[in-house]
Amino acid sequence: MRSDRGDRGESLIDRVGSPLPSPFEGDQEAAWIEVIRKMDEVYADLLRYETDLEEKNTALEEAQAFISSVIESVSDILIVCDRNGIILQVNPAAMRLLGASADALVEHPLGELVDPADRARIEDLLRAHSPSDLIALEVRFVTARGLSDLYAINGATRADQAARRVGTVLTGRPIGELRRAYEALHTAHSELQRAQRQLVEQEKMASLGRLVAGVAHELNNPISFIYGNIHTLQRYRERMAAYLQAIHCGADPAEVEALRRELKIDALLADYASLIEGTLEGAMRVSDVVKNLRRLSFPKSGEIQRVDVDRVVRTAARWAARAKPGHVELTFDMAADVAIIGNEGQFHQIVVNLVDNAIDAVRGQSEPRIEISARRQGSDVVIAVADNGPGLADGLIDKIFEPFFTTKPVGEGTGLGLWISYGIAREHGGTLAASNRPGGGALFTLTLAAP
Ligand SMILES: Nc1ncnc2c1ncn2[C@@H]1O[C@H](COP(=O)(O)OP(=O)(O)OP(=O)(O)O)[C@@H](O)[C@H]1O
Ligand SMILES: [Mg+2]
């Protein structure tokens, strides 16, 4: 709507110029001038309105172009439906997905464009909801090329200015790719967990192997001297039998006396006591080892009980030391009657792991030494394993508790010992910390709750 008036600033009065010679006089002429002025004002207003309207129209066109460009560049599909689920508008992404033009899609029921298996759900979504409802579901569309990938659809109720529901706005994006990536990630994660479990099992088998080697060593010593003593006793029995045989057969006293000297019966009798004592001690040591083993294997995993720290630490340290070649001086500084509340087998495993590491660390020292101590500290018990090895290199302290972290050559360490020990300590509500001793060597501190 544009005025054909060329010069918009010109008023009617300007055009009319000085009043024409008029047939009217006085009042009549003034009235006419007033009418013309009013018309002039109305005309100026009209002109202003027209300019306003044109500006608003331009702004509206720009806004519309902006919205259209946004909608067109959105990669998600956008479908607007009326309250009966009939399509009113679609964006280019939806047209591309469905393989149809806007004209073909508009006025089509949306339900018919969805996989029959998902139809009931999408129709539920298209039914009445309060304007604030936002519903999400996953569907496949029937496209010109067959069933589409899976789409995650969000539906929001569209309301008019009076907040009455007039339809639904649906947006959607394909999640098939995402889902496949997620499944691949999930499979990889499960595989990793399985491999990790397997390694932990292997590590358990390896520590069981070390344990068995330690036990075998522990048993070997008493068994070998029981064995030796029994051999000696067997020889003594034969000599004693020969001596008694001579007496029972009525040999004369000189003969008996000669036999007594020959068979060294007096020395034999004097030796009996220590032989039997030694054999008994050996048997008791075997019995102690077996008792410790039974204690270790009988508690069900996770069984919590009062554990005598001194006994378990000494047994564990000895077994760990015996399982490795070479001599290491082990010293114990154990406060009396110290106990913890926990699982004996797991506590034993931590000490074996710490002593095991300490033995590896002190290898190569001229006087390899490991000091183990236990003391009560408030409501806790602190067990410390210190060695005179090279200590922990800078930046290593943060890493050593990570699974599979090892500085040992392949085949000599899995890097799981400290990780497992740390986990056990944490499960017991305690802590395991590493540091370097001021005088050199590493110090591992296990803190567990006292009873
Ligand atoms: N007492 C120690 N002194 C110096 N370094 C240590 C000591 N204890 C542990 N470490 C370092 O921490 C690393 C991790 O120890 P961890 O017990 O977890 O694994 P590992 O001994 O290498 O292998 P695994 O115990 O599984 O046989 C070791 O490789 C070693 O570098
Ligand atoms: Mg280790």
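Read the numbers this way: they start at 1 and go in the same order the structure lists the ligands and their atoms.
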Test salt bridge (charged side-chain N to carboxylate O under 4.0 Å, His left out), reference Asp149, set Arg179, Arg180, Arg173, output is Arg180
Test side-chain contact (heavy atoms from CB on, under 4.5 Å) on Arg158 and Leu88; report intermediate values, then the result.
CA-CA 12 Å; Arg158 198 163 62 88; Leu88 297 178; 3.2 Å; yes
Taking every heavy atom of Ala144 against every heavy atom of Gly99, the minimum-distance pair comes out as CB-O, 4.0 Å
What are the two closest heavy atoms between Ser75 and Ala93, and how far apart are they?
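Heavy atoms only, the tightest pair is O-CB, 3.5 Å.
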Counting distance only, does the side-chain N/O of Asp252 pair as donor-acceptor with the main-chain N or O of Glu255 below 3.5 Å?
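Confirmed, Asp252 side chain pairs with Glu255 backbone.
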For Phe444, all residues meeting ring-ring contact (aromatic ring centres under 6.0 Å, His included), sequence neighbours excluded:
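With sequence neighbours excluded, Phe444 shows a ring-ring contact (aromatic ring centres under 6.0 Å, His included) to no residue whatsoever.
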Hey, does [X] sit under 4.0 Å from ligand 1 if you only count heavy atoms?
| X | answer |
| --- | --- |
| Phe444 | yes |
| Gly415 | yes |
| Asn353 | no |
| Ala393 | no |

Kindly identify the option in [options] whose heavy atom sits closest to [atom].
| atom | options | result |
| --- | --- | --- |
| atom 25 (O) of ligand 1 | Gly389, Gly417, Ala386 | Gly417 |
| atom 31 (O) of ligand 1 | Ile420, Asp356, Thr407 | Thr407 |
| atom 11 (C) of ligand 1 | Asp360, Ile400, Val385 | Ile400 |

Protein contact of [atom] - nearest heavy atom, named by residue and atom, plus distance:
| atom | result |
| --- | --- |
| atom 16 (P) of ligand 1 | Leu418 N, 3.6 Å |
| atom 4 (C) of ligand 1 | Gly391 O, 3.6 Å |
| atom 26 (O) of ligand 1 | Thr414 OG1, 2.4 Å |
| atom 14 (C) of ligand 1 | Phe405 O, 3.2 Å |

Using a cut-off of 2.8 Å, how many protein N, O or S atoms lie below it in distance from the Mg ion (ligand 2)?
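That number is 1, waters not included.
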May I ask you to identify, for Leu354, whether its side chain, its backbone, both or neither come under 4.0 Å of ligand 1 on a heavy-atom basis?
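Neither; no heavy atom under 4.0 Å.
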Within a strict 4.5 Å, meaning less than it, do heavy atoms of the [X] and [Y] side chains meet?
| X | Y | result |
| --- | --- | --- |
| Arg83 | Arg164 | no |
| Val351 | Ile372 | no |
| Pro116 | Arg119 | yes |

Modelled atom types, side-chain donor and acceptor of Thr168 and Arg165, under 3.5 Å
yes
CZ of Arg260: more than 12 outside heavy atoms within 6.0 angstrom?
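Counting neighbours around CZ of Arg260, 12 or fewer heavy atoms of other residues, nucleotides or ligands fall under 6.0 Å, so no.
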